[in-house]
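This report refers to the structure that appears directly beneath it.
All of these numbers come straight from a predicted model, not from anything done at the bench. Whatever order the structure lists ligands and atoms in, that order sets their numbers, starting from 1. Quick note: residue numbers are just sequence positions, from 1.
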Amino acid sequence: MTPQEIYENLYELFPDAQCELIHQNAFEMAIAVLLSAQTTDKSVNKVTPALFARYPNAKALSEADVTEVEGILHSLGLYRNKARNIIRLANELLENFNGEMPQTREKLMTLSGIGRKSANVILIECFDTPAIPVDTHVERVCKRLKLAKEADSVLDVERKLARKYPKEQWRKMHHMLIFFGRYRCKSQHPLCEGCPFAAFCRYQKEKAK
Ligand code: SF4
């Protein structure tokens, strides 16, 4: 199956795939991304309305009482660390970027807790800049669908996707790969019945051995 055929089949399965972290601007997106480490987007969406109502910008969050922030985040795993991390990020925004979110990958990656994947998420969701964030779902699915090799690093996967798809498809492809990995091609017990990729996927081949 060609990369474009994979794109089309994913589109058939998940035409409405999109970012599931609720956010109104890049500041909220950065905070939501930090909070989403090792937890679900749904859990994050339960706490962010109260968090953003109380601390609507970097200045407000930089002055926050950490105990109060922990109270808002307490339903999330690692909430104590996350409370400290988002306050630190708010302080860095104030000190280094006048309280505004930077708009390049390089500058975003200078912020605490923002790695390449998170920077790419912020770029595509908030600044209309083509990028391909590769998370655990994207990596797994790309390897099963032979868009990348088993031994490829996360960066290899990103570069291969960037070569195989035109820029205007990057954002949609990213969302469809996440939805496919999250809801169907799961890490354990993927839902393979009727899958359009079953005839050539690596997982099926391994299983048949
Ligand atoms: S057949 Fe199963 S493992 Fe292979 S791509 Fe489809 S859902 Fe994933």
Side-chain angles (χ1 to χ4, degrees), residues 1-23 29 32-46 48 76-78 105 113-126 128-209:
M1 202 177 270
T2 67
Q4 276 310 311
E5 285 168 340
I6 291 173
Y7 184 97
E8 283 156 23
N9 275 287
L10 286 172
Y11 194 85
E12 292 263 311
L13 293 171
F14 296 106
D16 301 322
Q18 59 179 333
C19 176
E20 293 191 301
L21 283 173
I22 296 171
H23 64 282
M29 184 81 239
V33 165
L34 276 193
L35 297 180
S36 71
Q38 296 178 48
T39 191
T40 63
D41 290 358
K42 271 187 190 147
S43 307
V44 173
N45 291 339
K46 280 185 192 151
T48 45
L76 300 178
L78 308 171
R105 184 186 294 119
I114 303 292
R116 187 177 176 94
K117 185 211 77 179
S118 301
N120 282 343
V121 168
I122 295 165
L123 289 175
I124 60 168
E125 298 304 333
C126 306
D128 213 13
T129 301
I132 306 182
V134 177
D135 71 353
T136 179
H137 296 302
V138 174
E139 181 184 4
R140 180 180 68 258
V141 169
C142 283
K143 290 180 178 178
R144 285 180 176 171
L145 298 185
K146 300 182 181 169
L147 289 167
K149 290 186 177 156
E150 283 287 6
D152 281 347
S153 67
V154 166
L155 190 57
D156 292 332
V157 174
E158 180 184 327
R159 288 184 175 145
K160 286 187 177 177
L161 286 174
R163 279 204 300 272
K164 290 175 197 289
Y165 293 95
K167 278 187 179 166
E168 56 272 22
Q169 288 184 337
W170 288 3
R171 185 168 184 267
K172 192 67 183 174
M173 187 64 180
H174 158 74
H175 289 315
M176 294 191 302
L177 288 168
I178 287 187
F179 269 53
F180 185 56
R182 191 176 281 166
Y183 300 114
R184 186 145 183 186
C185 190
K186 302 172 183 196
S187 170
Q188 308 294 323
H189 311 299
L191 310 174
C192 300
E193 199 177 322
C195 174
F197 309 115
F200 77 101
C201 113
R202 274 203 182 106
Y203 178 89
Q204 288 291 336
K205 205 170 154 194
E206 287 299 311
K207 218 170 70 169
K209 276 183 184 171

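- Taking a cut-off of under 4.0 Å to the non-hydrogen atoms of Tyr203, the atoms of ligand 1 that pass are 3 (S).
- If you take CZ on Arg202 and SG on Cys142, they are separated by 10.5 Å, rounding to the nearest 0.5 Å.
- Side chains of Glu125 and His174: a donor-acceptor N/O pair is absent below 3.5 angstrom, by distance only.
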**Asked** salt bridge (Lys or Arg N to Asp or Glu O under 4.0 Å) between Asp41 and Arg182: does it pass, once the steps are laid out?
**Response** CA-CA 11 Å; Asp41 290 358; Arg182 191 176 281 166; 3.4 Å; yes
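- Counting only heavy atoms of the protein, atom 2 (Fe) of ligand 1 lies nearest to Cys192 SG, 2.3 Å.
- Using bins of under 30°, 30° to 60° and over 60° for the plane-to-plane angle, the ring pair Tyr7/Tyr165 lands in the tilted bin.
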**Message:** Show, in sequence, the C-alpha distance, side-chain angles and deciding distance for Lys160 and Asp152, and conclude whether the salt bridge (Lys or Arg N to Asp or Glu O under 4.0 Å) test is met.
**Reply:** CA-CA 10 Å; Lys160 286 187 177 177; Asp152 281 347; 2.7 Å; yes
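- Put simply, CG on Leu177 and SG on Cys185 are 10.0 Å apart, with the number rounded to the nearest 0.5 Å.
- Close approach of ligand 1 to Cys201 (heavy-atom distance below 4.0 Å) involves ligand atoms 1 (S), 3 (S), 4 (Fe), 5 (S).
- In summary, the atoms of ligand 1 found under 4.0 Å from a heavy atom of Ala198, numbered by their order in the structure, are 1 (S).
- Close approach of ligand 1 to Leu145 is summarised as follows: ligand atoms under 4.0 Å from at least one heavy atom of the residue are 5 (S).
- Here Arg202 has no heavy atoms under 4.0 Å from ligand 1, in either its backbone or its side chain.
- For atom 6 (Fe) of ligand 1, the choice among Cys185, Cys195, Gly194 with the nearest heavy atom turns out to be Cys195.
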